[in-house]
2 protein chains.
Amino acid sequence: MTLSEKNFTFVMHCGEMGSRWGFNRTIGQMCGLLIITKNPMTANEIADSLSISRGNVSMGIKELQSWQLIKVQHIPGDRKEYYAPAGDIWDMANRVFEERKKREIDPTLSLLRDNLLDEASNEEEIYAQKQMGEIHNLLETVTKWSSELQRLTPEQLNKLMKLGSGIGKVIDLKDKIFKKE
Amino acid sequence: MTLSEKNFTFVMHCGEMGSRWGFNRTIGQMCGLLIITKNPMTANEIADSLSISRGNVSMGIKELQSWQLIKVQHIPGDRKEYYAPAGDIWDMANRVFEERKKREIDPTLSLLRDNLLDEASNEEEIYAQKQMGEIHNLLETVTKWSSELQRLTPEQLNKLMKLGSGIGKVIDLKDKIFKKE
DNA sequence: ATTAACTTTCAGTAATTTCAGAAACTAAAT
DNA sequence: ATTTAGTTTCTGAAATTACTGAAAGTTAAT
């Protein structure tokens with residue numbers, strides 16, 4: 001089964017974007033391919049569709065599983081493993097976001113925490129520590145906020161997103177109401 | 001002027017994280033270094049502090065300027081260029097965020113827009129197009145939302161962030177109020 | 001218009017990352 | 001216990017990316 005031209009273009013685009021999204025070209029392609037393909041695919045089908053080696057697909061699968069972006073399925077009476085996206089687009093985006101937070105923010109947060117426990121021992125370290133404190137604040141805020149968003153129900157989240165510029169008004173509103181109490 | 005051990009550790013950490021944040025090791029180090037150093041630095045000071053070549057620093061500066069993360073300063077009677085972070089930590093994070101959106105989201109958004117204009121011509125393309133539509137929605141929402149956040153005043157933003165789990169309640173609240181009208 | 005102080009560019013090299021294909025492994029069916 | 005259908009791991013080659021150091025470029029002072 002060969003890809004239609006339009007679908008092929010999309011898959012290749014996912015490849016180009018792959019490294020920007022946190023993985024590599026092949027893995028980007030695999031991810032795009034599985035998303036637009038209705039039926040689950042075997043590793044060999046993936047390798048053929050993308051003209052890459054079977055070994056490479058195997059490594060890619062492992063990686064995509066570590067991101068929790070794909071799941072394995074079995075068809076009764078068939079020994080092959082079939083792969084499909086794990087969840088809908090929104091779920092997948094969430095996973096990517098979470099995983100990237102883990103890789104891009106958490107390590108720094110923990111370094112900064114450690115550092116801020118130590119007393120600075122001179123002028124230069126005092127300034128540095130002040131700056132690190134700022135970064136720490138920022139990252140904590142982002143982290144807290146993102147976990148709050150995860151906690152909202154899909155409907156709430158949807159309302160929030162749709163709110164758009166209204167968000168400013170709502171904040172002010174909330175402010176007025178609670179100031180009274 | 002050589003870095004204290006603690007500061008050195010931080011700068012090296014920024015290097016390790018560099019590629020995850022969208023640039024490379026050296027540029028990560030440069031960025032970290034400039035952030036924790038109180039006084040603006042010359043290119044040579046940067047090269048010495050990090051033990052990298054002068055040419056490399058020059059390229060790094062260009063890159064950091066393209067991200068709008070640093071600015072040049074001059075000291076009267078001194079021909080050297082002095083570099084310092086452009087803005088506070090929040091500003092910088094914003095710039096990184098914006099720039100990454102440009103690289104990681106915008107190209108895909110435009111590809112998807114184009115694709116969705118075409119009529120799908122068979123079963124397979126219909127499904128693919130449905131999925132692409134989902135991705136398109138998601139990315140549009142993220143884009144819109146992030147530009148809304150940029151539009152808020154710092155105080156509003158701060159309130160919003162502090163709101164934390166309260167956000168759910170506020171949404172419901174807003175809902176009730178406007179349903180009456 | 002020369003020199004001196006500084007910056008940028010760039011060609012070649014070094015380091016890293018990605019990949020194919022072969023070999024090793026696993027487990028179901030016979 | 002062999003065969004067969006399948007998956008994973010690993011090595012070295014290829015491609016990409018990052019870096020150095022030297023050469024070229026710029027600008028201000030003399």
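Residue numbers start from 1 in every chain, and the chains themselves are labelled A, B, ... in the order their sequence lines are given, proteins ahead of strands.
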Q: Starting from A:I75, walk the hydrophobic network (Ile, Leu, Val, Met, Phe, Trp, Tyr; side-chain heavy atoms closer than 4.5 Å) and list everyone else you reach, by chain and number.
A: A:Y82

Tell me the interatomic distance from [X], atom [atom1], to [N], atom [atom2], rounded to whole angstroms.
{"X": "B:R20", "N": "C:dT16", "atom1": "CZ", "atom2": "P", "answer": "15 Å"}
{"X": "A:R25", "N": "C:dT17", "atom1": "CZ", "atom2": "C1'", "answer": "11 Å"}
{"X": "B:I61", "N": "C:dC6", "atom1": "CD1", "atom2": "P", "answer": "14 Å"}
{"X": "B:N24", "N": "C:dT17", "atom1": "CG", "atom2": "C1'", "answer": "14 Å"}

Q) Quick one, which residues of residues 67-86 of chain B touch DNA chain C with a heavy atom under 4.0 Å? A)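 Within this stretch, B:R79, B:K80, B:E81 sit under 4.0 Å of the strand.
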
Q) For residues 31-60 of chain B, which residues have at least one heavy atom under 4.0 Å from DNA chain C? A) B:R54, B:G55, B:S58

**Q.** ring-ring contact (aromatic ring centres under 6.0 Å, His included) partners of residues 25-48 of chain A, not counting sequence neighbours, each pair once
**A.**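 For residues 25-48 of chain A, and leaving out neighbouring residues, there are no ring-ring contact (aromatic ring centres under 6.0 Å, His included) pairs at all.
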
**Q.** ring-ring contact (aromatic ring centres under 6.0 Å, His included) contacts in which one or both residues fall within residues 103-143 of chain B, not counting sequence neighbours
**A.** none

Do any side-chain atoms of residues 19-32 of chain A form donor-acceptor pairs under 3.5 angstrom with protein atoms, and if so which ones, sequence neighbours left out?
unit_1 : atom_1 : unit_2 : atom_2 : d
A:R20  : NH1    : B:R103 : O      : 3.1
A:W21  : NE1    : B:E104 : O      : 3.3
A:N24  : OD1    : A:T26  : N      : 3.2
A:N24  : OD1    : A:I27  : N      : 3.0

Q) Which nucleotide of DNA chain D is the first, and which the last, in the 5' to 3' direction, to come under 4.0 Å of a heavy atom belonging to chain A? A) D:dA5 to D:dC10

Q. For B:E5, what residues pass the salt bridge (Lys or Arg N to Asp or Glu O under 4.0 Å) criterion, not counting sequence neighbours?
A. none

Can you name the side-chain hydrogen bond (donor to acceptor under 3.5 Å, both in side chains) partners of [X], sequence neighbours left out?
{"X": "A:N39", "answer": "none"}
{"X": "B:T108", "answer": "A:H13"}
{"X": "A:S121", "answer": "A:E125"}

Mind listing the side-chain donor-acceptor pairs of residues 87-96 of chain A below 3.5 Å, one per line with the distance, residues two or more places apart or on another chain?
unit_1 : atom_1 : unit_2 : atom_2 : d
A:D88  : OD1    : A:W90  : N      : 3.0
A:D88  : OD1    : A:D91  : N      : 2.8
A:D91  : OD2    : A:D88  : N      : 3.1
A:N94  : OD1    : A:Q150 : NE2    : 2.9
A:R95  : NH1    : A:Q68  : O      : 2.8
A:R95  : NH1    : A:A86  : O      : 3.3

Q) Side chain of B:Q129, backbone of B:N115: donor and acceptor closer than 3.5 Å? A)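 Yes, the answer is positive, given that a donor and an acceptor are paired below the 3.5 Å cut-off.
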
